[in-house]
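One structure below.
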Amino acid sequence: MSGIAGWIGFGSGPGHTRSVLDAMAATTSRDAPAEVYAWREARVALAAAPGGIAEEQTANGQDVSVVFDGVLHDTAPLRAALSARGHRARHGTDAEAALHAYLAWGADCAEHLDGAFAFAVFDSRRGRLLLVRDRLGVRPLHYARLNDTVYFASEPKALLAGSLLEPVLDADGLRELFTQAKTPGASVFRSIAEVRPGHLLDAGEGGVAERQYWTLEARPHTDDPETTVATVHSLLADSVGRAVEGGTLPCSLLSGGLDSGAITALAALALKDRGRLCTATATFIGYAENFRPDNVRTTPDAPYAAEVARHIGSDHTDVVLGTADLLEPRLRRAVLRAQDRPTPFAEMDVAGLLIFRAAREHSPVALSGEGADEIFGGFTGMYEPDAAGPEQFPWVAYERSHEASRHGLGLGLFDRGLLGKLDLAAYGADRYRQAVAEVPRLDGEGDRDRRLREVCHLHLVRWLPRLLDRDDRLSRAAGLQVRMPFCDHRLVEYLFNVPWELKTRGGREKSLLRSAVGYLLPRSVVERRKSPFPVNQDPAYTHVLRRELMRVLDDPDSPVAPLLDPVAARAAGAEARGGAHWLTRTNIEMVLQLHLWLTEYGVRLAL
């Protein structure tokens with residue numbers, strides 16, 4: 001997969017050479033070299049990979065140019081509407097469709113597009129740049145304003161290329177790293193921001209204007225239970241059908257759970273006349289045989305995934321990972337580079353990259369069940385909303401109740417003075433209040449229903465974006481395009497307004513999804529309790545992490561040293577050497593990943 005990059009300058013312009021655009025473009029490409037598309041005396045520059053570019057000369061001889069990243073679904077109605085307005089496509093690409101949509105409807109073009117996309121339009125008639133991001137933010141799009149120039153790129157690494165911007169981590173960036181909720185529009189790098197999901201930015205001589213073109217709305221739900229189930233099935237089947245359209249047979253990422261099983265079974269039906277669906281499941285050496293239940297995982301995935309594969313007749317592959325795979329330095333560096341930020345979940349990120357690479361061997365397109373929990377109510381903090389507590393995100397309350405460190409996930413070794421200065425509790429509470437204030441209300445809604453609507457909205461706009469960003473970045477790094485049918489905006493809009501009692505009939509989480517797709521799956525999978533992505537249970541993995549931590553702690557010149565608590569670091573070193581068990585993987589991973597990130601990116605601390 002490839003992204004987009006470029007800039008528009010005003011006044012005297014940025015004065016860059018072509019080498020700067022080449023450097024930006026080089027970071028956006030995975031499987032084909034990016035090409036420079038428009039270059040007008042260094043004032044305007046746009047780059048994308050072949051197939052992601054389009055240009056049209058208007059009647060007055062001026063150009064409108066588009067660079068496009070992503071995929072449009074069900075384009076036949078769009079092309080018919082454009083044809084009726086006199087627009088004729090020559091190449092049939094999604095970039096060309098986006099360009100003609102802009103020519104037909106101007107800045108309202110995004111409302112006519114269906115899919116996962118990020119694109120930039122330069123309109124020489126107006127001397128302006130339009131940046132557009134899809135409704136749920138499946139495709140990333142970043143920008144920065146420097147002097148009289150607006151730069152944009154799919155990923156921050158492109159904005160750091162060519163010495164455009166210095167990679168700086170300030171207090172707000174560190175708060176974003178340490179807070180378990182994604183602030184829309186925010187980045188961990190100072191001076192870099194995101195185009196928010198469902199938004200567009202219009203950059204001109206007078207500045208940058210932001211506008212929201214899509215948002216969730218609160219509406220009364222009038223369908224009875226049977227109609228609701230039928231509507232959910234129809235919307236989901238239609239979304240899957242659009243995700244598998246085209247000449248490429250996809251691979252489905254199958255976990256053995258309800259969500260991925262539903263997508264896989266519906267895809268197999270949609271493809272029955274075209275060929276056999278490929279499915280792939282991630283597991284670990286000896287995982288099923290030596291599985292140990294924990295507080296969130298009660299069963300291993302592989303046996304259930306194999307049962308689904310047999311049931312629908314897919315060509316199935318188990319991607320078996322070992323401890324050595326998860327600790328491979330090049331892979332850990334690759335996941336860091338893919339995401340442009342450290343996380344305390346490097347183990348799962350490496351496993352995710354490897355499953356994406358394995359899927360890419362079978363197809364350039366994969367299907368994922370991401371998003372089902374957020375819209376159907378699959379998380380503990382959703383169907384037990386009272387457990388969230390006041391002024392904090394539900395998943396934060398849940399994770400704190402299962403995390404040894406009182407300072408939150410992965411922060412046990414960081415300087416207490418620094419954490420006090422950051423005041424993550426106040427920061428999180430402030431972000432929580434902002435998020436709750438954005439929740440649409442329905443007149444006459446009772447307190448419980450109002451709270452459940454809040455919890456659903458919080459997951460959709462503060463939790464899901466982190467997962468989408470991770471999946472998109474890691475799949476890009478594998479050269480894979482991941483499509484997520486549960487993230488179809490029509491399905492999301494409908495389910496956002498379905499009352500909670502219909503989503504959890506019989507007291508079971510996601511019972512609405514079970515009713516809509518259960519007939520397609522084995523009974524064992526339909527009844528299986530939710531199980532998150534598997535983690536490696538080999539104790540050798542933790543031992544190696546401890547040795548790596550000792551190496552970092554023993555290095556006084558480590559860039560992460562100024563952020564650590566000396567007392568905690570000494571205690572951690574003693575624990576690591578002694579093999580005690582209070583030191584969690586997340587505590588170790590956060591330090592190691594932050595150390596690697598600061599080193600790899602040359603990040604300057606400005607705290």
Side-chain angles (χ1 to χ4, degrees), residues 3 5 20 23-24 26-28 140 142-146 151-180 182-183 185-194 329-346 349-350 407-415 417-419 421-422 424 427 466 469-470 473-474 476-477 548-549 551-566 569 586-607:
V20 175
M24 295 177 71
T27 71
T28 71
H142 295 76
Y143 71 99
R145 301 174 63 181
L146 184 62
Y151 300 90
F152 72 91
S154 295
E155 301 173 357
K157 60 175 65 68
L159 298 173
L160 300 173
S163 300
L164 283 178
L165 297 172
E166 181 187 9
V168 177
L169 178 67
D170 59 16
D172 280 340
L174 201 54
R175 291 183 181 106
E176 281 298 309
L177 277 180
F178 288 167
T179 301
Q180 299 162 60
K182 185 173 177 60
T183 302
S187 164
V188 298
F189 292 103
R190 189 170 71 183
S191 302
I192 296 179
E194 281 189 334
R330 287 176 299 178
L331 288 174
R332 294 174 75 83
R333 187 173 290 108
V335 299
L336 181 75
R337 280 283 178 183
Q339 299 183 90
D340 289 321
R341 60 177 290 168
T343 78
F345 308 112
D349 293 341
V350 171
H407 294 284
L409 196 65
L411 304 185
L413 298 179
F414 287 87
D415 182 73
L418 171 64
L419 294 176
K421 175 184 175 181
L422 296 177
L424 298 176
Y427 183 78
R466 293 187 65 173
D469 189 65
R470 178 199 64 192
R473 302 290 201 89
L474 293 177
R476 282 176 188 270
E548 284 298 303
L549 177 66
R551 183 181 62 81
V552 171
L553 296 180
D554 289 340
D555 179 8
D557 297 323
S558 167
V560 77
L563 303 177
L564 301 181
D565 182 272
T586 53
N587 282 323
I588 301 174
E589 290 278 29
M590 181 59 92
V591 172
L592 295 181
Q593 282 284 292
L594 191 52
H595 165 82
L596 181 60
W597 182 66
L598 294 170
T599 303
E600 284 281 306
Y601 281 74
V603 175
R604 179 171 66 85
L605 298 176
L607 305 175

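Quick note: residue numbers are just sequence positions, from 1.
By the side chain to side chain donor-acceptor pair (under 3.5 Å) test, R341 is found to be paired with no residue, residues two or more places apart in sequence or in another chain being considered. For D349, there are no salt bridge (charged side-chain N to carboxylate O under 4.0 Å, His left out) partners, not counting sequence neighbours. D555 pairs by the side chain to side chain donor-acceptor pair (under 3.5 Å) definition with nothing, not counting sequence neighbours.
Without hydrogens or angle criteria, R175 side chain to L422 main chain gives a donor-acceptor distance under 3.5 Å. Judged purely by atom type and a 3.5 angstrom limit, H142 has no side-chain atom pairing as donor or acceptor with the backbone of E194. In this structure, D170 contributes its side chain and R190 its backbone to no donor-acceptor pair below 3.5 Å. A donor-acceptor pair under 3.5 Å links the side-chain atoms of K157 to the main chain of R337, judged by distance alone.
Between the side chains of E155 and T27, no donor-acceptor pair of N or O atoms lies under 3.5 Å. There is no side-chain donor-acceptor pair under 3.5 Å between D172 and Y427.
Note: L598 CG to Q593 CD = 11.0 Å, rounded to the nearest 0.5 Å. Separating the CD atom in E176 from the CZ atom in F189 is a distance of 13.0 Å, to the nearest 0.5 Å. Between L553 atom CG and R551 atom CZ the span is 10.0 Å, to the nearest 0.5 Å. Residue T183 holds its OG1 atom at 10.0 Å from CZ of R466, rounded to the nearest 0.5 Å. To the nearest 0.5 Å, atoms NE2 (H595) and CE (M590) are separated by 15.0 Å. One distance of note links CG of L596 with CZ of R333; it measures 6.0 Å at 0.5 Å rounding.
Of all non-hydrogen atoms in L474 and A338, the two that sit nearest each other are CD2-CB, 4.1 Å. Of all heavy-atom pairs spanning P140 and S154, the tightest one is CB-O, 3.4 Å. Closest approach of P556 to A561, counting heavy atoms only: O-CB, 4.2 Å. Closest approach of L418 to L563, counting heavy atoms only: CD2-CD2, 3.7 Å. The nearest pair of heavy atoms linking M24 to A158 is CG-O, 3.3 Å. Contact between Y601 and P167 at its shortest, heavy atoms only, is O-CG, 3.2 Å.
At a threshold of 4.0 Å, the pair R332-E589 counts as salt-bridged, since one of the basic side-chain nitrogens sits closer than that to a carboxylate oxygen.
N587 is not listed as a side-chain neighbour of L549, based on a closest heavy-atom distance of 4.5 Å or more. With contacts defined as side-chain heavy-atom distances shorter than 4.5 Å, the pair F414/L174 does not qualify. In this structure the side chain of L159 never reaches within 4.5 angstrom of the side chain of Y143, judged on heavy atoms. The side-chain heavy atoms of R473 and D340, taken from C-beta on, include a pair separated by under 4.5 Å. For the pair V168 and S191, the minimum side-chain heavy-atom distance is 4.5 Å or more. Side-chain contact between V335 and T343: absent, with no pair of heavy atoms (C-beta onward) separated by less than 4.5 Å. Side-chain contact check for L164 versus L146: every heavy-atom pair is 4.5 Å or farther apart.
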task: Give the intermediate values and the outcome of side chain to side chain contact (heavy atoms under 4.5 Å, CB included) for residues L165 and Y151.
output: CA-CA 10 Å; L165 297 172; Y151 300 90; 5.7 Å; no
